> 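Before I ask anything, let me first share the structure, which is written out below as structure tokens.
The shown structure was predicted, so the numbers you read here are calculated from the model rather than taken from an experiment. The analysis underlying the following values was restricted to heavy atoms, covering all of them including side chains, and did not include hydrogens, waters or symmetry mates. Residue numbers start from 1 in every chain, and the chains themselves are labelled A, B, ... in the order their sequence lines are given, proteins ahead of strands.
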There are 2 protein chains.
Amino acid sequence: MTLSEENYLKAIYHLEKQYKEGVPTNAIAEEMETKASSVTDMIKKLSGKKVLTHKKYQGARLTEKGLLHAKAVIRKHRLWESFLVEKLNFKWDEVHEVAEQLEHIKSEKLIRELDRFLGYPKTDPHGDPIPDEEGNIQVQEKELLSQLEVGERGICVGVRDSSAAFLQYLDKYGISLGKELAVLHKEAYDESMVVELDGKKITISNQGASNLYLKQK
Amino acid sequence: MTLSEENYLKAIYHLEKQYKEGVPTNAIAEEMETKASSVTDMIKKLSGKKVLTHKKYQGARLTEKGLLHAKAVIRKHRLWESFLVEKLNFKWDEVHEVAEQLEHIKSEKLIRELDRFLGYPKTDPHGDPIPDEEGNIQVQEKELLSQLEVGERGICVGVRDSSAAFLQYLDKYGISLGKELAVLHKEAYDESMVVELDGKKITISNQGASNLYLKQK
DNA sequence: ACAAATTTTTAGTTTTGCCTAAATTTATTT
DNA sequence: AAATAAATTTAGGCAAAACTAAAAATTTGT
């Protein structure tokens with residue numbers, strides 16, 4: 001599989017959560033920052049390789065083979081992100097572009113050994129689960145901060161938006177994975193929340209609270 | 001610079017040691033396992049980018065800019081090889097293909113941090129020097145085993161041929177970098193040598209002895 | 001239901017890096 | 001110094017992965 005093909009598989013994999021019956025060409029085009037006609041071309045090529053199926057005008061769906069390959073790429077991406085943060089002093093908002101490159105390196109041994117070297121991590125620096133060699137993904141019970149009620153508490157376990165902008169916003173307020181917080185107040189007008197973190201009160205917009213995952217304490 | 005362009009620079013860099021006044025098109029073609037006409041195309045492109053110069057029918061020479069870029073790629077290659085051996089349990093005959101991929105990853109921070117993480121190694125697993133960030137290469141005094149006289153001794157510091165076949169041949173005879181050996185006998189007929197290593201006598205063909213570097217004890 | 005709007009596909013180009021075949025230049029013989 | 005051989009370049013093409021513009025299919029709105 002080429003770099004470009006792998007990126008399509010990854011994009012379609014992520015979009016399948018949203019589009020249960022066929023991922024539309026336009027959705028893929030937007031995700032890949034390309035044009036719909038390019039997507040059509042690639043879908044034809046990939047369906048020839050049996051990694052996805054498509055009926056004209058009906059979007060794409062990964063086959064079992066395609067799913068496995070997509071998860072293998074995601075496994076590599078998340079292991080490399082872990083490596084960058086754990087061993088090379090990268091911050092969680094700096095790892096994405098480099099991991100986008102590293103995820104395409106071809107070597108079974110490399111990934112097996114990297115996994116061992118890192119101590120078989122279960123999640124990456126953003127809290128996303130790392131698929132195992134067979135493509136199994138352990139799903140963690142979690143909910144968005146925005147869904148908590150006043151008085152409830154939880155521990156930060158992941159982000160829904162892993163853009164550098166959001167991650168830096170969290171850094172600024174001292175929010176990182178593993179920290180506990182409690183909801184003190186919810187503003188009816190704009191859905192912003194006042195939460196307690198490390199004994200301090202901080203206010204988080206609804207947009208922020210809708211992108212931070214917690215697990216029930 | 002694309003992956004292909006970087007591979008050309010690297011090939012030309014290595015060939016410049018052999019061809020002091022312009023690396024011939026055919027030599028590059030052979031090194032790159034491609035055709036001379038493809039090389040001509042690429043040379044034109046690269047000279048447009050000012051990383052090399054060429055006069056028609058006169059071969060190619062790297063400019064200062066091209067030299068720096070080539071050495072940067074080689075630095076990455078050798079740092080990754082060191083990482084694979086030191087941290088990921090790769091053997092010295094297994095690192096080449098993976099490092100060929102990893103050397104093209106673009107991130108200054110990645111390489112700076114990798115270098116630090118490895119403790120600023122001076123040589124890679126084959127004994128080749130690792131250029132520093134400015135492209136300086138520390139040259140080590142060394143000579144081929146085949147050039148030693150009977151009675152002389154030395155410490156293995158590098159290989160001239162880093163093919164898996166040669167490295168496995170060395171493994172089989174217990175020869176690795178850092179080991180000391182002494183020349184006991186030289187066969188006049190075929191130039192093969194009997195050397196002492198770890199108290200045992202082993203015979204090495206001229207071909208083998210012509211690819212192992214030692215430093216004077 | 002059917003016209004309008006949207007989505008998707010088709011057709012025809014472009015660029016990169018490679019190829020073959022042919023032409024040209026340089027090097028080697030005699 | 002030709003003639004031949006070898007090396008190099010030119011010319012014309014191909015495949016991958018993108019693009020634009022236009023055609024076709026599907027969905028939506030009234």
> Sequence neighbours excluded, which residues qualify as ring pair (Phe, Tyr, Trp, His ring centres under 6.0 Å) partners of A:H54?
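Partners of A:H54 under the ring pair (Phe, Tyr, Trp, His ring centres under 6.0 Å) test: none.
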
> Can you name the residues that form a side-chain hydrogen bond (donor to acceptor under 3.5 Å, both in side chains) with B:Q101, not counting sequence neighbours?
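With neighbours one apart ignored, the set is empty.
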
> Test for a donor-acceptor pair under 3.5 Å between the base of D:dT20 and the side chain of A:S37, counting only N and O atoms.
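Yes, the side chain and the base share a sub-3.5 Å donor-acceptor pair.
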
> Quick check: are there more than 12 heavy atoms from other residues, nucleotides or ligands sitting under 6.0 Å from NZ of A:K50?
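For A:K50, atom NZ is not crowded (no more than 12 foreign heavy atoms under 6.0 Å).
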
> Sorted by first residue and then second, give each salt bridge (charged side-chain N to carboxylate O under 4.0 Å, His left out) pair with at least one member in residues 23-44 of chain B; sequence neighbours left out.
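Qualifying pairs: none.
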
> Counting only side-chain N and O atoms of A:S4, is one of them less than 4.0 Å from OP1 or OP2 of D:dA18?
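So the side chain of A:S4 is within the cut-off, an N or O lying under 4.0 Å from OP1 or OP2 of D:dA18.
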
> Among all residues two or more places apart in sequence or in another chain, which pass the salt bridge (Lys or Arg N to Asp or Glu O under 4.0 Å) test with A:E191?
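Here no residue qualifies.
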
> Going by the salt bridge (charged side-chain N to carboxylate O under 4.0 Å, His left out) test, which pairs reach into residues 59-83 of chain A, not counting sequence neighbours?
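Qualifying pairs: A:R75-A:D115, A:R78-A:D124.
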
> Give, for atom OG1 of B:T63 and atom CG of B:L9, the distance between the pair rounded to the nearest 0.5 Å.
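Output value for this atom pair is 8.5 Å.
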
> Expected output is a numbered-order residue list: members of residues 51-58 of chain B with a heavy atom under 4.0 Å from any atom of DNA chain D. What is it?
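Here the set is B:K56, B:Y57.
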
> Determine: side-chain N/O of B:K35 to OP1/OP2 of C:dT20, distance under 4.0 Å, yes or no.
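It does, given that an N or O in the side chain of B:K35 lies less than 4.0 Å from OP1 or OP2 of C:dT20.
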
> Does D:dT9 have OP1 or OP2 under 4.0 Å away from a side-chain N or O of B:T40?
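Yes, because at least one side-chain N or O of B:T40 sits under 4.0 Å from OP1 or OP2 of D:dT9.
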
> Could you tell me which residues satisfy salt bridge (Lys or Arg N to Asp or Glu O under 4.0 Å) with A:R112, sequence neighbours excluded, listed by chain and number?
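For A:R112, no residue satisfies salt bridge (Lys or Arg N to Asp or Glu O under 4.0 Å) once neighbours in sequence are set aside.
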
> Can you pull out every ring-ring contact (aromatic ring centres under 6.0 Å, His included) where at least one residue sits in residues 59-82 of chain B? Sequence neighbours excluded, please.
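Residue pairs passing ring-ring contact (aromatic ring centres under 6.0 Å, His included), neighbours aside: B:H77-B:H96, B:W80-B:F83.
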
> Considering only nitrogen or oxygen atoms on both sides, find all protein atoms under 3.5 Å from nucleotides 1-5 of chain C and state each distance.
none

> Not counting sequence neighbours, which residues clear ring pair (Phe, Tyr, Trp, His ring centres under 6.0 Å) with A:H126? List them please.
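Expected list: none.
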
> So, OP1 or OP2 of C:dT10: does either fall under 4.0 Å of a side-chain N or O from A:K44?
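For A:K44, the contact criterion (side-chain N or O under 4.0 Å from OP1 or OP2 of C:dT10) is met.
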
> What pairs with A:Y173 under ring pair (Phe, Tyr, Trp, His ring centres under 6.0 Å), at least two apart in sequence or on another chain?
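For A:Y173 the ring pair (Phe, Tyr, Trp, His ring centres under 6.0 Å) partners, ignoring immediate neighbours, are A:Y169.
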
> Do any of residues 22-31 of chain B sit with a heavy atom less than 4.0 Å from DNA chain C, and if so which?
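The stretch gives none, as no residue of it lies under 4.0 Å from the strand.
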
> OP1 or OP2 of C:dC19 less than 4.0 angstrom from a side-chain nitrogen or oxygen of B:S38, does that happen here?
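Yes, within the criterion.
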
